[in-house]
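A quick write-up on the structure given underneath.
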Amino acid sequence: MSDAIPASDTRAAAGAFEAAHGVTQHVDVAVVGAGFAGLYLLHRLRKAGFSVVGMDEADDVGGTWYWNRYPGARCDIQTVDYSYSFDPELERDWTWSEKYATQPEILRYLGFVADRYDLRRDIRFGTKVIAANWDDATARWLLTTSNGANVSCRYYIMATGCLSAPKPPEIDGVKDFKGEVYFTSRWPHQGVDLKGKRVAVIGTGSSGIQSIPIIAEQAAHLTVFQRTPNFALPAHNGQVPAERAAQLQQDRATFREQARWSMAGVPLPPATELSFQLSDAERRARFEKLWAAGDLVGMLTQLWADQATDPEANALLAELFREKIRSIVRDPETAEALCPNDHPFGSKRPCLDTNYYATFNRPNVTLVNLRKEPITAITPSGIKTGQRSIDVDVIVLATGFDAMTGAITAVHPITGRSGKSLTELWAHGPQTYLGLTVAGFPNLFLITGPGSPSVLSNMAVSIEQHVDWVVDRLIELRAAGFTTVEATETAQAGWARHMADCATLTLHRLANTWYTGANVPGKPQGVMPYTGGVGPYRSICNEIASKGMLGFRLTGPTVAEQCNDGEVVRLQPDVRLVLNMLAQMNLPPIESMGAQGARDFIAEFNKSRPAGRPVGEVKDGTLTGADGPLPYRLYRPATPGPHGIVVYFHGGGWVLGDEQSDDPFCRDLCRRSGLIFVSVGYRHAPEHRFPAAAEDGLAATRWVAEHASELGSRPGPLMVAGWSAGANIAAVTCQLARDRGGPEIAGQLLVCPVTDCRFDRPSYSDNAAGYFLTRSLMFWFWDIYCSPADRSDPRVSPLRGKLAGLPPAYVVTCEFDPLRDEGIAYAEALQKAGVAVEQLQARGHFHSSFPMVDVVLTSASGRAQMANALRRFAGLGQDNQSQRSDPTTFNAAAE
Ligand SMILES: Cc1cc2nc3c(=O)[nH]c(=O)nc-3n(C[C@H](O)[C@H](O)[C@H](O)COP(=O)(O)OP(=O)(O)OC[C@H]3O[C@@H](n4cnc5c(N)ncnc54)[C@H](O)[C@@H]3O)c2cc1C
């Protein structure tokens, strides 16, 4: 032990004696819970030289697998994945007998682990922690226990489980029932004989779905009470699949490492094709393959890339499930009642089953649909619904858990620095930093707390990561002489924002589930687990450590306080992924490639992006530019015409790109706005320097205006739009059209526009590097397009032009873009000049966020807002269609 730890912390050896004699037990670390998390914590902490005591209400190790002994209890992540990976020798010495192990086998495994590392000797079983108080004076926690000595500890780690606090039944009268009542989560150790009995199962979550087929085989009659039908697929249990076993045997280390950096904690590459890129037959074939494989994680992640983010893509999958249910269950009314249709697949935990749906074909099984006939009471003889009374001998409550927060707030009070309890502070929902720590509660750690990937991942992988991160930090703090560590409010608020950004990408927010707290009456609702993925979460945790414990305040008796305050993730989650991916590619700077090299590179790069979504028609043609013909590509909506028309200018710094290079963006805006887009292949530098592109902009707009009806447009003014240098051309076109006699332009959409040749605004230095469009790349573009003498010409710096009398504008800027401030400056100057302007300042986005359709999904709502702005310019109403497949609620308002 280091000198920085008071001597009292080293008294662990005396702990057992103290515990037995009711004296307060002093340790460095108290670990509550002896499941997967608690066991690994004990092992690591002891190895690191901390004195430690474990406590569990249960009489032995196992946690979840100690308590949940109901018939059919199994894991639903393949057991080769759902195992510890910290010790290769442990892995070698244990072989799982089945693809999805039973509860007894998993419990045996955890017992084997406890024995191997001699963990039980430091665990006080049958001991519940009932309260915890932080003492600022001694910088220690005092834990009150239900049994034996209280515990004084420097660090208090709650490994109390996400699914360990059973939810009480919401129905009156359970205590009046004269028969037997069992919770699946507290199943008697000696088992229950259900032979010949009339049994009721209430609840059809994982536990219900696993136990119902087995109970049906034993009971004289089984009545299943279902409120929410759930998606379930057959486990097809058996031996560990040969392919997976071989993969693991060949290179265990790589297999485990891939799991650690994956999204769900299972080494599977993400699906790449989007639903609309696959035919019906291809989608069905993928679904059938995973159905036959009995692979839950596969079904959740491997079908198509947008299955978990796009409601329409998800609906395709949900319908395939319903087809299966209808094909298995013979009675059409029962089949329909079993079909889930109130939540997207994956937004509530889907289940793995063995003969679940077929069980409803048995003559001794009845389904009661609580949506049609809710339970009104439990009577001495059975269960009463709005329509009937059903007499039973046994009631099985498979009613689930007060998930994620239940076991934490059951310890009450947990009083932190302010004297306020955690329950009070979480009255409107849990607040944490990383799901691991809470501001105001120094030295408290939660393993798989709300805000960590936890239940949305293979928890064995998440638990190991949490434990390693926490213990590694404790070792470092001890070495540096710190004795307290506490999350800051700034970091915690930033994490809440990041959590919300991640959650808008998924469909979890569209379902009322235990992920959101909706299963417990009165519980505040919000998506509680971190939805950003296991790998990204790991990299964030690593980043915090590498930045000197970003977002934590550290103190110690002999060292100066340290606080590197701040938010760890300010980028939108998908922007962060894209930028990390680009960084890993280690690309040479675009400006080092030469103009043609850069064009070839961008063309190649664009080949790997998701294809744009279908529109009514895509047609190529030629129009007349300022100095000869120019190519264009027209996108026509699938809706009946005539439509309004938008002249679009692509991005690429006046050097790169062409009329097809912003294809997905044009398609998306065309679909959302219901307007024709004509993307113009204007001339590029260095072959054609300033003002060629600007003059082409006006000429092309004139040509489109003159040929509008031939192109299928309705009469009336058109709109212009563009991104980046294309937005520069759109802005300039509006000025030139005003000054040179038309055409009439009804509105301008400027997305991340270049507006000025001044490079000293803060965004040019704040975002100089690291966000793909760099300052040096912008300088290169400017140098190629325009000599210094020409740069203040309004045809390239429209901010320097006359702004009065311009068409209304919708100006979009991104937080992490060198061009941000000149875009905002242009919007403000337009407004000052009396032009109607709306702004969208996109928080956490980078220069390419909006054109990266189906990659940066958090930008979808921004595009919906752009489409609506174009419709307003065109004199059309807001189109609900533009919002239809939005995966996000946009967080773009200026902050
Ligand atoms: C039926 C079922 C199947 C599951 N299948 C999977 C799966 O396939 N894959 C997967 O990744 N996850 C699965 N899970 C989630 C499972 O909970 C985790 O995988 C994992 O077992 C959690 O380990 P833990 O140590 O964090 O918590 P737990 O195993 O829940 O252990 C927490 C322990 O803390 C104790 N405790 C709580 N509060 C106190 C207190 N105040 N004082 C003293 N002791 C306390 C409890 O008694 C419990 O023993 C499943 C959960 C259930 C219920």
Side-chain angles (χ1 to χ4, degrees), residues 30-42 53-70 72-79 81-84 99-103 106-107 109-110 113 123-132 143-147 151 156-167 183-187 205-211 235 259 264-266 296-297 349 351-352 398 400-412 414 446-449 452-464 466-467 514 529 534:
V31 173
V32 187
F36 259 99
L39 293 180
Y40 183 43
L41 269 166
L42 280 181
V53 63
M55 280 166 281
D56 201 303
E57 190 186 349
D59 288 329
D60 199 357
V61 299
T64 293
W65 305 102
Y66 172 90
W67 295 109
N68 289 269
R69 297 172 189 240
Y70 58 84
R74 290 177 187 274
C75 57
D76 57 13
I77 303 261
Q78 292 193 26
T79 339
D81 296 300
Y82 185 58
S83 313
Y84 290 118
K99 182 165 87 165
Y100 298 107
T102 58
Q103 172 271 331
I106 304 173
L107 186 60
Y109 170 71
L110 292 171
V113 171
I123 306 174
R124 288 168 52 186
F125 292 110
T127 303
K128 191 169 180 176
V129 172
I130 48 184
L143 310 187
T144 311
T145 67
S146 64
N147 179 19
V151 174
Y156 167 34
I157 309 186
M158 298 189 78
T160 44
C162 297
L163 300 171
S164 60
K167 184 178 85 96
F183 277 91
T184 48
S185 53
R186 290 291 181 271
W187 202 256
S206 293
S207 308
I209 284 178
Q210 284 185 338
S211 60
V266 174
L296 182 63
V297 182
R349 186 157 186 118
C351 305
L352 273 184
F401 300 91
D402 181 354
M404 312 273 321
T405 55
I408 299 170
T409 53
V411 178
H412 184 68
I414 300 175
L446 314 171
I447 303 298
T448 66
S452 85
S454 58
V455 287
L456 292 179
S457 66
N458 171 359
M459 287 190 65
V461 170
S462 285
I463 284 170
E464 276 192 342
H466 292 0
V467 169
W514 56 262
V534 166

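Counting convention: from 1, in listed order, for ligands and their atoms alike.
Summarising the geometry, atom OG belonging to S164 is positioned 8.5 Å from atom CD1 belonging to I408; distances are rounded to the nearest 0.5 Å. Here I414 contributes atom CD1 and M158 contributes atom CE; the two are 4.0 Å apart, rounded to the nearest 0.5 Å. Interatomic distance, S454 OG to L446 CG, rounded to the nearest 0.5 Å: 11.0 Å. One distance of note links CD of E57 with CH2 of W67; it measures 4.5 Å at 0.5 Å rounding. Taking CH2 of W514 as the reference point, atom CG of D402 lies at 11.5 Å (rounded to 0.5 Å).
An N or O contact shorter than 3.5 Å links F36 to ligand 1 by distance. The N/O atoms of I463, backbone and side chain alike, include none that comes under 3.5 Å of an N/O atom in ligand 1. Polar contact with ligand 1: present for T64 (N/O pair, distance under 3.5 Å). Ligand 1 has an N or O atom lying under 3.5 Å from an N or O atom of W67, backbone or side chain. By the 3.5 Å distance cut-off applied to N or O atoms, N68 is not counted among the residues near ligand 1. Checking only distances, V129 does come within under 3.5 Å of ligand 1, N or O to N or O. Remark: ligand 1 and A34 share no N or O pair separated by less than 3.5 Å (distance only, no angle test). The shortest N/O to N/O separation between Q210 and ligand 1 does not fall below 3.5 Å.
Using a 4.5 Å heavy-atom cutoff, the side chains of T448 and F36 are not in contact. Residues N147 and R124 are not in side-chain contact: their nearest non-hydrogen atoms beyond the backbone lie 4.5 Å or more apart. A 4.5 Å side-chain heavy-atom check between T79 and Y109 finds every atom pair outside the cut-off. Proximity of M459 to S452: side-chain heavy atoms (C-beta onward) are nowhere separated by under 4.5 Å.
Look at T184 and you'll find every heavy atom at least 4.0 Å from all atoms of ligand 1. Ligand 1 has no atom lying under 4.0 Å from any heavy atom of G265. Using a 4.0 Å heavy-atom cutoff, A73 is absent from the residues neighbouring ligand 1. Within the 4.0 Å heavy-atom cutoff, I447 does not count among the residues contacting ligand 1.
Counting the atoms of ligand 1 from 1 in the order shown, those under 4.0 Å from a heavy atom of V32 are 39 (C), 40 (C), 42 (N), 43 (C), 44 (N), 45 (C). Ligand-side atoms of ligand 1 in range of K128: 42 (N), 43 (C), range being under 4.0 angstrom from any heavy atom. The atoms of ligand 1 that sit less than 4.0 Å from any heavy atom of G33 are 33 (C), 34 (O), 35 (C). Interface atoms of ligand 1 facing V411, defined by a heavy-atom separation under 4.0 Å, are 41 (N).
Which of Y82, Y70, F125 comes nearest to atom 10 (C) of ligand 1 through a heavy atom is settled by distance: it is Y82. Nearest to atom 27 (O) of ligand 1 by heavy-atom distance, out of S457, G161, S206, is G161. For atom 50 (C) of ligand 1, the nearest non-hydrogen atom from the set Y66, F401, Y100, W65 belongs to W65. Of the listed residues (T79, T145, D76), the one carrying the non-hydrogen atom nearest atom 6 (C) of ligand 1 is D76.
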> For Q210 and Y70, what are the C-alpha separation, side-chain angles and deciding distance, and is it a side chain to side chain donor-acceptor pair (under 3.5 Å)?
Replying inline: CA-CA 9 Å; Q210 284 185 338; Y70 58 84; 2.6 Å; yes

>> The test is side-chain contact (heavy atoms from CB on, under 4.5 Å); show your working for D56 and V61 and say whether it passes.
In response: CA-CA 8 Å; D56 201 303; V61 299; over 6 Å; no

>> Let's go through C351 and D76 carefully: what are the C-alpha distance in whole Å and the side-chain angles of both, what is the deciding distance for side-chain contact (heavy atoms from CB on, under 4.5 Å) to 0.1 Å, and is it a yes or a no?
In response: CA-CA 7 Å; C351 305; D76 57 13; over 6 Å; no

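Closest to atom 44 (N) of ligand 1, if we only count protein heavy atoms, is E57 N, 3.1 Å.
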